2 protein chains.
Amino acid sequence: MRPKLTDVAQRAGVSATTVSRVINNYGYLSQATKDKVFAAIKELNYQPNSLARSLHGKKTQLIGVIFPSLSNPFFAELVEQIEKRLFQADYKTILCNSADDPEKERNYLRMLMANQVDGIISGAHNLGIAEYDNVGLPIVSFDRKLSNNIPIVSSDNYHGGSLAVKELYQAGARHIYFLGSFHEAANPTDNRLLGYRAMIDQLGLSSHVHALNFKESPNLKLVSIQKLLQTKLADGIVCTDDLTALLVLRCAKELGLKVPEQLKVIGFDGTDFIQSYHPELSTIVQPIPDIAALLVDLLSKRIDQPDQKLEQLQYILPVKFLRSNSLLF
Amino acid sequence: MRPKLTDVAQRAGVSATTVSRVINNYGYLSQATKDKVFAAIKELNYQPNSLARSLHGKKTQLIGVIFPSLSNPFFAELVEQIEKRLFQADYKTILCNSADDPEKERNYLRMLMANQVDGIISGAHNLGIAEYDNVGLPIVSFDRKLSNNIPIVSSDNYHGGSLAVKELYQAGARHIYFLGSFHEAANPTDNRLLGYRAMIDQLGLSSHVHALNFKESPNLKLVSIQKLLQTKLADGIVCTDDLTALLVLRCAKELGLKVPEQLKVIGFDGTDFIQSYHPELSTIVQPIPDIAALLVDLLSKRIDQPDQKLEQLQYILPVKFLRSNSLLF
DNA sequence: AAAAATATGTCAATCGTTTATCAATAAATT
DNA sequence: AATTTATTGATAAACGATTGACATATTTTT
């Protein structure tokens, strides 16, 4: 049986009240008593039961972190950073992989409420506004517009999209395609497409969009990409993510298309993984650590001051362009 | 304010006891009452406060999942699978990234205890036996020998190591190197090295081990690999993980070494990611879904029957060899 | 009509901790 | 010596749900 507060009291030879006073640091306390109590706590390896504390209105220090996948390095690294920041802020991470399954996501929301989490960080989810509003908890969102009460953090997708085009153009590409997945809803991610179009227009080029279904397997995507590359119409491709860009590079190689001479490619995300293991890929780098830090920071504030009005609904973080061999040589 | 049990009772026009009976499904209950109560629960969107329930001895349905990293696709996929299985078993995952930091891991153990988790899945951790034994909770381990009370699940690393050598040999390699990181402790992972040595001996070859520090950055590893490849002594390399193998492939390309003609390479892990995005890499595939399923299964049993003696301390799951271009063409 | 089974309610204790209130004692200050 | 101030304790009421004991009423069975 785990020791409880009264055990500590007995061991230290003080009252339960005093032990609680020491733990919660309030009221008058002599150094001698504190020492005795801390010693007893150490000896018994005592940990206050956080269930009982939270039942009393103290925070649970639990945060639900909802993401659609971990096998995508971008989400893996983002979740890793979020967990790190949450830990530093003395929060624990309940990992909720929504797996693009609305039912699972709904279930998780229920569970999180039942577990009295202090707040939720939701990344690229797939439920409606109403269900998130019903939760009645501090929430911050990554890359998805939810409701007017939920702040959104995202990278500057628009600028990323247009920057990619500009870089391809400057490297000599004139037939620049947009390749990847995007939604119809007004998601921040779709701004990559808007940025692409804007820059295409500005440069007087014509836009070409080749859609991929996000949920499809890499092999199926590959088939679609092959079809695109075989036409040999494109000399530059803006990909909506780095993994797609890798498929393009592979496909180009198989078709004997020289990169970057005949085909220039830019990805999106720029994870550490890609930078380390595919340094040949040019990409638009999202500031993952900053995104994580901001999400945690905003959520902390929402938790500590739930009544404070939102100063800002949208937080857009700058992206960087990482030039590499897939573009110039 | 979130509705509570008494609110439901009031709404349904029954007593609190009856509501509790309905929720916990015991005692005599008419269908009519059940319907009324369920209706009230729905209307109020009521969720029993799991803190209060657990304080009564009910399980928290929380599991601590401790892993050293998410940015490594192997761990990301393993954690993803574990989360999936835990969810199916109605458990929630508290993600603990130990980040190879003993202090952080220690902190997490404390937190998990304070949060009354039902159990812990620990993957490749870095604390001593005593500290894990003190936790006094059901624990299962991945790839690390902890104590005699903690079952270990791992892949057949020994067979994987020897299989890799055998395949390289059959493909024509005679100077087969072992490249990667291993510990001095008797960790299951080190069996890859033992398997390598055994097969090397069996084939009458001589063994060559080139060590890499697991924690070093990819760039530093690359330097070390370059040094190895420049000697041109190896015509086959067994890597302890796929990421290292990718570095070898890159390095070989840069040095103008033809793969697989001059150099044959085998990795280890065989994540979906590698299979999808690096199909050219031959590798020893760990059965990630099976590992996850077994870990969750064993833990569930430990939780439900804590007094049952362990039938088995070690569970070794079979690996598969995935042949690809880095070996034969 | 009596006995048994079914259905619901009231009441109170409990889980482990927090916290307010009231007392009591010791030490420091005037 | 009187008055503050500092330090600890004892007691009890919460937090929200569970559960056992007991009472009462309604049905069903014999």
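Everything numeric in this text was worked out from a predicted model, so none of it was measured.
Cation-pi contact between K92(B) and F87(B): absent, since separation from the ring centre below 6.0 Å together with deviation from the ring axis within 45° is not met.
Distance Q10(A) CD to dG16(C) C1': 16 Å, rounded to the nearest Å. Between L55(B) atom CG and dA13(C) atom C1' the separation is 13 Å, expressed in whole Å. dG16(C) atom C1' lies 14 Å from atom CD of Q47(A), rounded to whole Å. Summarising the geometry, the separation between CG on N115(B) and P on dG16(C) is reported as 16 Å, rounded to the nearest angstrom. Between R2(A) atom CZ and dT17(C) atom C1' the separation is 15 Å, expressed in whole Å. Regarding K58(A), its NZ atom lies at a distance of 18 Å from the P atom of dA14(D), rounded to whole Å. Computed from coordinates, the Q31(A) CD to dT7(D) P distance equals 10 Å when rounded to whole Å. Separating the OH atom of Y46(A) from the P atom of dT17(C) is a distance of 4 Å, rounded to the nearest angstrom.
Closest to the side chain of Y26(B), out of dG16(D), dT19(D), dG16(C), is dT19(D). The listed nucleotides are dG9(D), dG16(D), dT17(C); the one nearest the side chain of K4(B) is dG16(D). Taking the side chain of N24(B) as heavy atoms from C-beta on, and the options dT7(D), dT18(D), dA17(D), the nearest nucleotide is dT18(D). If you check dT8(C), dT17(C), dG9(D) against the side chain of L5(A), the one that comes closest is dT17(C). When each of dT8(C), dT7(D), dC15(C) is scored by its nearest atom to the side-chain atoms of H56(B), the top-ranked nucleotide is dC15(C).
T17(A) comes within 4.0 angstrom of a base, heavy atoms only. Within the nucleic acid shown, S20(B) comes within 4.0 Å of at least one base atom, counting heavy atoms only. Contact annotation for S15(B): base contact, defined as any heavy-atom pair under 4.0 Å involving a base atom. Residue contacts shown for L29(B) are limited to sugar-phosphate atoms, with no base heavy atom under 4.0 Å away. Residue V19(B) is out of contact with every strand shown, counting any heavy-atom pair closer than 4.0 Å.
Taking CG of D90(B) as the start and CD of Q61(B) as the end, the distance is 5.0 Å to the nearest 0.5 Å. Rounded to the nearest 0.5 Å, atoms OG1 (T93(A)) and CD (E80(A)) are 11.5 Å apart. The CG atom of D290(A) sits 6.0 Å away from the CG atom of L317(A) when rounded to the nearest 0.5 Å.
R53(A) places a side-chain heavy atom less than 4.5 Å from the side chain of N24(A).
Between F142(A) and F75(A), the ring planes are perpendicular. Angles over 60° get that label, and only those under 30° would be called parallel.
Of the two residues contacting DNA chain C, namely S30(B) and A52(B), the nearest-nucleotide position lying further toward the 5' end is that of S30(B).
Contact annotation: side chain of R21(B) to base of dG9(C), donor-acceptor pair present below 3.5 Å.
For the OP1/OP2 pair of dA7(C) and a distance below 4.0 Å, the side-chain nitrogens and oxygens of Y28(B) include no atom meeting the criterion. Checking the phosphate oxygens (OP1, OP2) of dT18(D), a side-chain nitrogen or oxygen of R53(B) falls inside 4.0 Å.
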